[in-house]
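Below is one structure; the comments refer to it alone.
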Amino acid sequence: MVSKMGADVVIAGTGIVGCLIAEQMLDAGLSVLMLEAGPRIDRGRIIENYRNMPPAAKAANPDGPFPPKPWALHPMEYTGDPDKDYLITSGPDAKAYQQAYVRYVGGATWHWAGTLWRLTPEDMMLNAKFGVGRDWPFDYSALEPYYTRAEYAIGAAGPSDPALQWPPMRSKPYMMEAFPFGSGQRRCVQAAESIGLQYIPCAQARNNKLAYQGRPPCSGNNNCMPACPIAAKYDAYSALLRIEAKGGVVVPNAVVYRVETDDKNNVQAFHFYDPNKTSTRVTGKTFVLACNGIETPKILLLSKNEKIPKGIANSSDQVGRNMMDTPKFFALAKFKDPIWSGLGPVQTGAIMSTSQGDFRSRYAGGQISLINFSGAGSAGLAALKQKLVGKALDEAIRRETACTGLIAVEHEVLPSAENRLTLSDKKDMLGLNQPAVYYDVGDYVRKGADLHTFPITRKFAEALGAEKVIRIPGFEASQHIMGGTIMGKDAKTSVVDTDCRAHDHPNLFLPGGSAMPSAGSGNSTLTMAALGVKAADAIANQTTRG
Ligand SMILES: Cc1cc2nc3c(=O)[nH]c(=O)nc-3n(C[C@H](O)[C@H](O)[C@H](O)COP(=O)(O)OP(=O)(O)OC[C@H]3O[C@@H](n4cnc5c(N)ncnc54)[C@H](O)[C@@H]3O)c2cc1C
């Protein structure tokens, strides 16, 4: 029996990782209490918020329809001014760590694109194979069953032809066939082939042709970011409705701020504030922080006390270090003939083979993808700025929308102790320190972009018929938050073990992106989900044993 003050398993965070774990616990017969910092808002309200946003704001920020609550702030538009930004970024590539998660019930999958890549075996063994970065404490074959389980729990559509799978080592086929390419993406296949590369369909967390988990098939709204209006795309909010139907209890507006431990280093309780700053102590057998790669290390650091001065789970001093993402640059291509992006989901394919190779001992690889957003919004804004009206306005919007392409190139970054999350002096309304991140993508990425990925991107764009290709300077965040509670076998140099259990606290689990020892170049949430499923096996075993 679950009460508001305790359960067998207490989970902070209702994003994809927290939800995958919660459902597995309920299926194992354990009681589950989920504490969520943000408010609970239904899909209709979010879509309405989006509709009511001014066009320029729609184009600028996927967080727009999710106004932050003062007790659960999250990043909005970044100003670079520490007094204004929630997440304070600094360092040579501060812009490349301007993350865009939301603290709402359901978390960041509300506005994710739903692209699902796996890591390759080489991505997990960078040090052994290329002498850089860190190795995972297990190999791809050990992670593969969890990838498959995560794909089935989410509902993944991907190619059945192994020649189009990334990577092709799979124990089960995808449950749904890959989405067909629209016209622009079909041109990418031909262009890549003409320069000796392969443009492959990405697996997607959305229903193709079939209904799954009560969610309908995708109808191509091209509105995945900031939210799928019909829930064809997996989001954790849909999963929560199922979790509650199975008996899980979700407490919104519950900001976890302290992890309490006993003399044996077992976790005794989570403490949360409600919006009035009333504190509640929540007890359980096993505790999970699934608050994402920024908020999880933040809570661990906030929980420091006289006996544990460096913070919870931090005897290695690695909490908050090794912050990673997949730093990306954009290349803007102007085509003579229409290419027409925007049919179907926002990302449908990529060149992935450019992320692999022996060059990785010297510089980073990357994935290259023609973004499949409809460009009509930004084309319209640009045409209005020129004060065009009538037929001229219509023609300019059509031409720009059809003949402009944005190519995104995402790179693997190496874990570095200097890329670090700390607690800033700035506090939110509850008196909790806001997070700060120092970030430098490093020469490994800079060289990879200059020597490897941009020259290929230019060739690819030209093969697509581009008359002009402009690399937009600098790197941007790709919204894949990794590294802050890094995994390893050695408790002296890592925070969690192979099941995402804190080395220092046997009943505390820190699953998800923050545990990843390497980033790879592909979107990483599927790996976070697989780690969640793996941790869930361990949590169920240990909690059932008592
Ligand atoms: C615009 C955008 C597009 C993206 N597209 C893709 C993509 O195509 N493919 C891909 O792989 N990834 C993508 N991502 C990344 C993906 O959304 C995240 O990696 C993923 O959602 C992380 O899941 P999570 O459960 O770890 O964290 P979250 O989804 O961030 O969930 C964490 C939860 O914890 C809650 N929380 C935080 N602090 C506290 C606290 N103190 N107390 C209680 N609760 C707390 C939060 O409110 C939140 O609900 C995208 C991200 C963005 C922003």
Side-chain angles (χ1 to χ4, degrees), residues 10-22 34-40 61-64 66 68-69 71-75 98-118 150 154 202-206 224-227 233-237 239-240 250-259 270-273 282 288-300 302-303 325-326 345-348 350 369 408 410 428 430 432 435 477-482 484 510-516 520 522-529 531-532:
V10 180
I11 302 172
T14 58
I16 182 170
V17 175
C19 284
L20 286 171
I21 294 171
M34 300 186 84
L35 303 172
E36 166 54 52
R40 180 169 194 148
N61 185 1
D63 285 353
F66 307 87
K69 298 294 170 194
W71 59 90
L73 295 175
H74 58 239
Q98 294 184 342
Q99 305 293 346
Y101 56 94
V102 294
R103 289 213 283 170
Y104 267 47
V105 170
T109 49
W110 267 119
H111 58 7
W112 73 326
T115 302
L116 300 175
W117 294 116
R118 295 179 173 200
I154 294 167
C202 49
Q204 314 227 6
R206 55 174 59 73
C224 328
M225 291 156 60
K233 178 189 77 174
Y234 169 94
D235 56 48
Y237 188 79
L240 277 166
V250 180
V251 186
N253 304 315
V255 184
V256 174
Y257 68 94
R258 187 180 153 214
V259 178
F270 280 173
H271 295 249
F272 75 82
Y273 285 136
V282 180
V288 181
L289 284 179
C291 295
N292 83 32
I294 286 175
E295 299 296 332
T296 289
K298 187 186 102 176
I299 296 168
L300 296 172
L302 278 174
S303 301
D325 186 0
T326 45
V346 295
Q347 187 186 356
T348 54
S369 172
E410 295 185 32
D428 64 18
L430 297 172
L432 306 177
S478 298
Q479 325 298 350
H480 306 128
I481 307 166
M482 296 172 272
L510 310 169
S514 58
M516 289 174 65
N523 314 43
S524 55
T525 305
L526 180 63
T527 305
M528 303 178 192
L531 287 177

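Just follow the structure's listing: the first ligand is 1, and inside any ligand the first atom is 1. Below, all heavy atoms of this structure are taken into account, side chains as well, without hydrogens, waters or symmetry copies. Note that the numbering runs from 1 along the sequence shown for the chain.
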Distance from [atom] to nearest protein heavy atom, with residue and atom:
atom	answer
atom 23 (O) of ligand 1	I16 CG2, 3.4 Å
atom 52 (C) of ligand 1	Q479 CB, 3.5 Å
atom 24 (P) of ligand 1	V17 CG2, 4.0 Å
atom 49 (O) of ligand 1	E36 OE1, 2.6 Å
atom 22 (C) of ligand 1	M528 SD, 4.0 Å

Atoms of ligand 1 less than 4.0 Å from [X] heavy atoms?
X	result
P62	1 (C)
A254	42 (N), 43 (C)
T109	21 (O)
E295	37 (C), 38 (N)
N523	7 (C), 8 (O), 9 (N), 10 (C), 11 (O)
G15	25 (O), 29 (O), 31 (O), 33 (C)
A113	3 (C), 4 (C), 5 (N), 6 (C), 7 (C), 8 (O)

Are the side chain of D325 and the backbone N or O of I481 linked by a donor-acceptor pair below 3.5 Å?
->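 No: the side chain of D325 does not pair with the backbone of I481.
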Just going by heavy-atom distances, which of [options] is nearest to [atom]?
atom	options	value
atom 43 (C) of ligand 1	A108, A37, A290	A37
atom 11 (O) of ligand 1	T14, T525, I21	T525
atom 42 (N) of ligand 1	V251, V256, N292	V256

For the residue pair Y104 and F66, does the interplanar ring angle fall in the parallel (under 30°), tilted (30 to 60°) or perpendicular (over 60°) class?
->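 Rings of Y104 and F66: perpendicular, over 60°.
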Verify whether the ring centers belonging to Y237 and W110 lie closer than 6.0 Å.
->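 Aromatic pair counts; centres sit under 6.0 Å.
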Can you name the nearest heavy-atom pair linking I154 to A205, along with the distance?
->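 The pair with the smallest heavy-atom distance is CG2-CB, 3.5 Å.
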